[in-house]
Amino acid sequence: MEKEELQTLLQELIANKQAKKLKELFESTPTIDIAEALEDETDVKSLLYVIRVIGSEYSADFFTELTSDQQEMIINAFTDKELLTMLENSFADDIVDTLEEMPANLVSRVLKVAPKELRKDINTLLNYEEDTAGSLLTTEYLDMKSSMTVEEVIEEVRKKGKDAETVYTIFIRDSKRTMVGTVDLDDLIFAKKDQTMEDIMNRDFVTCHVNDDQEKIANMFKRYDLNAMAVVNKENKIIGIITIDDVVDIIVEEATEDISMLNQVTPVEDEYLKTPIYKLVLKCVPWIIVLMILQVFSTMILSRFETAIAAFSILSVFTPLIMDAGGNSGNQTTTIIVRSLALDEFDKGDAKKVIWKEFRVALVIAGIIAVFTFGWLMFEMAIGIVSLDNVVEKYSFLNRGTTMVIVASLVSGTLFATIIVSRLIGCLLPFFAKLIKKDPAVMCGPLTTTIVDIVSLLTYFLLWTLVFAPILGI
């Protein structure tokens, strides 16, 4: 069903108080689709009606998918009893995600109403550093002692499984709560009743530390093809788990952040149409100003070599070509390196290997581009696309053929040097960002282009003034 159709249907069911049909709709339609269809609903009475009609079976999931403004309205309107019911049917990590968007007074109310154990879990999660494993974990998981039999564990799964985030992976611990293995649900079902968890558990499991970065977590899930992973503390005691649905959110968040940073835009947390104009302005303006300030160096270079440009005016014709080729080449390298860093493809100490490899790649590319540029510029000047009349008239000792070779050699030589330098800069910047604990994507796009533009211009004019002009006596 299309979103508009679902919106219309929901409005009719709510307006006409058709409770039975409303509940049937939740049984046949994903909760997130219903929540999105009601994302513009500002009448708290309508939202409360939906929550009260659908009951505890769907209300917690529905509440989680609502906007933060809607959640805030509902919590304000809830009685303590309704709030308690909601909390008891929600996972601790989902509650924490909601509370992080709430004013302090509402957070205090939720914590006051929450049962003691849940309150403890929420407080623990709220105190973990943002974007770490600790901030993502859930405490609702199935853990069993290694000495338990298959029959005993199956009975425990039946008792506790509905309250767990996942039943497909069971985490095995010893008597000291140290994690010793995992058991997949299918292995449990097909095992003999009297076998113990120690007999059937996987011993080659992977875990993450509570302070590990979320990007590292996502890469571990991808590398080991996981559905769930245990989070342990420094004593290797299991304190929670992260599931694949949380990792999908991480991947979307990190991809959004990297795409924004690639173009020097501070990431936007909300949907575009829901983000106020002033926020979009504030996300873009600082970077534009920074890049403008950096471009001052390009202006200074052009000003410094103004005399050289006036003496040999054709230099200015190829300035855009030099800048664009250098910037494009640098951005290619930066994009490749940022991707590899994001996927955790490099080990400690690999930076030197990467730089050496990129230098060899740059040499080959620069050679190909220089040869092509020389031939292409000779062709352009030969058929008159680029006019040499002013130069030939001004310097009578230069004939057209000599001038064509000089100009083509200067530009292709500059491009050769520029592409090597730009690719090395594009390679080094992401590693530098990683070293100072910044997102490597910050070094992509306009920032790389601006830095390479400065280097390209400087190379171009220095090559002319220090090499070609003295040879020609200009």
Side-chain angles (χ1 to χ4, degrees), residues 10 13-15 17-20 22-23 25-27 29-128 130 134-141 159-166 239-241 243 245-246 249 269-270 274:
L10 283 164
L13 295 178
I14 294 169
K17 297 290 189 284
Q18 293 180 281
K20 185 179 178 181
L22 186 59
K23 193 162 186 179
L25 184 63
F26 270 83
E27 292 170 356
T29 307
T31 309
I32 188 171
D33 290 346
I34 298 175
E36 286 185 355
L38 289 172
E39 64 184 356
D40 295 325
E41 182 60 68
T42 56
D43 183 4
V44 70
K45 291 181 180 178
S46 297
L47 296 172
L48 286 174
Y49 174 75
V50 174
I51 287 175
R52 286 163 181 164
V53 163
I54 61 178
S56 59
E57 186 178 357
Y58 299 105
S59 59
D61 288 340
F62 175 65
F63 179 81
T64 301
E65 302 295 351
L66 293 172
T67 67
S68 56
D69 289 340
Q70 289 173 325
Q71 290 173 339
E72 190 174 329
M73 287 191 302
I74 290 168
I75 289 178
N76 273 320
F78 265 166
T79 63
D80 285 353
K81 185 178 179 181
E82 286 175 321
L83 184 54
L84 177 59
T85 302
M86 180 72 69
L87 293 172
E88 288 176 337
N89 287 285
S90 301
F91 293 115
D93 59 332
D94 290 334
I95 297 171
V96 169
D97 289 341
T98 300
L99 293 181
E100 285 176 338
E101 304 290 330
M102 295 288 167
N105 62 314
L106 289 184
V107 175
S108 299
R109 185 180 172 217
V110 170
L111 292 173
K112 182 180 178 182
V113 172
K116 185 178 179 181
E117 283 302 311
L118 180 58
R119 189 187 315 127
K120 180 182 175 183
D121 291 340
I122 293 171
N123 277 320
T124 300
L125 294 177
L126 282 171
N127 288 324
Y128 286 123
E130 190 177 2
S135 67
L136 297 167
L137 67 82
T138 179
T139 53
E140 287 89 0
Y141 60 94
K159 288 179 183 176
K160 302 176 181 178
K162 283 190 175 182
D163 296 325
E165 185 85 17
T166 180
I239 57 174
I241 67 166
T243 51
D245 59 318
D246 297 313
D249 292 337
E269 293 80 12
D270 300 321
K274 294 181 180 178

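Computed from a predicted structure; not experimentally measured. Sequence positions, counted from 1, serve as the residue numbers for this chain. The figures that follow rest on heavy atoms only: side chains count, while hydrogens, waters and symmetry mates do not.
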Using the ring of each side chain (for Trp, its six-membered ring), is F62 parallel, tilted or perpendicular to F26, with breaks at 30° and 60°?
perpendicular
Please name all residues satisfying side-chain hydrogen bond (donor to acceptor under 3.5 Å, both in side chains) with E65, sequence neighbours left out, ordered by chain then number.
none
How about V113 and F78: do any of their side-chain heavy atoms sit closer than 4.5 Å?
no
Set of residues satisfying salt bridge (charged side-chain N to carboxylate O under 4.0 Å, His left out) with respect to D43, sequence neighbours excluded
none
Sorted by chain and number, sequence neighbours left out, side-chain hydrogen bond (donor to acceptor under 3.5 Å, both in side chains) with E140 holds for T138
So how far is it from T31 OG1 to L25 CG, rounded to the nearest 0.5 Å?
10.0 Å
For the CG atom of D80 and the OG1 atom of T85, what is their distance to the nearest 0.5 Å?
10.5 Å
All side-chain hydrogen bond (donor to acceptor under 3.5 Å, both in side chains) counterparts of S59, not counting sequence neighbours
none
Does any non-hydrogen side-chain atom of T166 lie less than 4.5 Å from one of Y141?
no
Indicate whether any N or O donor in one side chain lies under 3.5 Å from an N or O acceptor in the other, for T64 and D61.
no
Mind checking salt bridge (charged side-chain N to carboxylate O under 4.0 Å, His left out) for K23 and listing every partner two or more places apart, or none if nothing turns up?
none
My understanding is that only residues two or more places apart in sequence, or in another chain, count here; which of them pass side-chain hydrogen bond (donor to acceptor under 3.5 Å, both in side chains) with S68?
none
I74 pairs by side-chain contact (heavy atoms from CB on, under 4.5 Å) with which of V50, L48, L83?
L48
Side-chain contact, heavy-atom cut-off 4.5 Å: Y58 with I34?
no
Side chains of I51 and M86: does their closest heavy-atom pair fall under 4.5 Å?
yes
Walk me through whether T67 and D69 qualify under side-chain hydrogen bond (donor to acceptor under 3.5 Å, both in side chains).
CA-CA 5 Å; T67 67; D69 289 340; 5.4 Å; no
